[in-house]
Amino acid sequence: MWLRHDLENLKKRLKALEAKSQQDGLILTEAQVVALEKAKAEKETHGEFESECPGYCGAQDTFYVGTLKGVGKNLISRRSSIPIARWSLPKLYDRKTPVTAADLLNDRVLPFFEEHEISLLRMLTDRADRVLRKSRAS
């Protein structure tokens with residue numbers, strides 16, 4: 001029965017419970033409220049959050065790709081910015097520095113958002129959540 005209604009795990013059941021209570025104005029039991037609060041705290045612990053709107057928060061991370069023959073001992077890494085779930089704006093670099101993070105932001109991310117007339121408010125990195133300060137003139 002859970003599978004038929006796409007409620008096969010606790011995460012999906014809690015999400016459905018929250019939606020149903022908001023839609024129908026249901027009063028939740030104490031145990032249900034505790035379960036919803038615990039699930040929300042757990043999501044935040046793992047870096048998940050509810051996005052307020054498109055452009056509210058993007059994410060940027062670096063992944064090791066490997067080495068290329070003839071490049072020497074430099075490691076090749078892929079720095080990706082993830083403005084929207086399930087796809088990213090990647091670029092390859094031979095070093096992992098703050099300059100590469102800024103380059104990706106200026107070369108790929110900000111032009112993408114400007115093209116779609118969306119303001120990017122925050123960028124989550126492996127360092128910390130930082131508020132963007134747009135330095136280019138509009």
Side-chain angles (χ1 to χ4, degrees):
M1 185 168 143
W2 291 124
L3 289 173
R4 251 190 322 222
H5 296 283
D6 194 30
L7 298 170
E8 64 271 12
N9 61 43
L10 181 61
K11 182 179 176 180
K12 289 183 177 182
R13 290 193 289 274
L14 288 173
K15 189 174 181 177
L17 174 65
E18 188 173 29
K20 184 76 171 164
S21 69
Q22 288 176 355
Q23 178 184 354
D24 297 345
L26 299 175
I27 298 174
L28 301 176
T29 67
E30 184 66 28
Q32 290 170 327
V33 171
V34 168
L36 286 171
E37 287 174 355
K38 182 179 175 186
K40 184 175 182 180
E42 197 170 295
K43 281 170 57 176
E44 289 172 357
T45 305
H46 290 89
E48 294 181 31
F49 60 91
E50 294 291 325
S51 181
E52 303 293 323
C53 61
Y56 176 75
C57 188
Q60 194 176 99
D61 203 356
T62 304
F63 303 95
Y64 170 74
V65 175
T67 56
L68 294 177
K69 189 175 182 178
V71 177
K73 292 188 176 186
N74 290 336
L75 302 176
I76 304 301
S77 60
R78 182 190 85 188
R79 182 169 285 277
S80 294
S81 180
I82 306 153
I84 299 172
R86 300 189 185 182
W87 65 273
S88 67
L89 301 165
K91 194 170 179 181
L92 293 177
Y93 293 96
D94 63 353
R95 60 190 54 91
K96 185 178 174 181
T97 64
V99 172
T100 60
D103 177 67
L104 179 67
L105 195 62
N106 289 322
D107 185 53
R108 300 265 170 100
V109 179
L110 292 177
F112 170 83
F113 278 93
E114 287 171 0
E115 179 182 330
H116 292 87
E117 298 178 355
I118 299 172
S119 295
L120 181 59
L121 303 175
R122 297 179 180 276
M123 182 61 71
L124 185 65
T125 68
D126 55 355
R127 298 278 182 205
D129 184 16
R130 306 203 192 274
V131 177
L132 289 175
R133 304 273 185 239
K134 193 169 179 184
S135 60
R136 299 195 295 199
S138 297

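- For His5, the ring-ring contact (aromatic ring centres under 6.0 Å, His included) test picks out no residue, with sequence neighbours left out.
- In this view, Lys12 and Asp6, Glu8 satisfy the salt bridge (charged side-chain N to carboxylate O under 4.0 Å, His left out) rule, not counting sequence neighbours.
- With sequence neighbours left out, Ala101 forms a side-chain contact (heavy atoms from CB on, under 4.5 Å) with Gln60, Arg79.
- Note on Val99: it does not cluster hydrophobically with Leu104, by side-chain heavy-atom contacts below 4.5 Å among ILVMFWY residues.
- One N or O on the side chain of Asn106 and one on the backbone of Ala102 form a donor-acceptor pair closer than 3.5 Å.
- Across all their heavy atoms, Leu89 and Val109 have their closest contact at CD1-CA, 3.9 Å.
- For the side chain to side chain donor-acceptor pair (under 3.5 Å) test, no residue two or more places apart in sequence or in another chain qualifies with Asn9.
- Grouping the Ile, Leu, Val, Met, Phe, Trp and Tyr side chains by contacts below 4.5 angstrom, directly or via other members, places Leu7 apart from Leu17.
- For the pair Glu37/Val33, a side-chain contact is recorded, criterion being any heavy-atom separation below 4.5 Å from C-beta on.
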Could you list the donor-acceptor pairs under 3.5 angstrom formed by side chains in residues 22-30, with sequence neighbours left out?
unit_1	atom_1	unit_2	atom_2	d
Asp24	OD2	Lys20	NZ	2.8
Thr29	OG1	Gln32	N	3.2
Thr29	OG1	Gln32	OE1	3.3

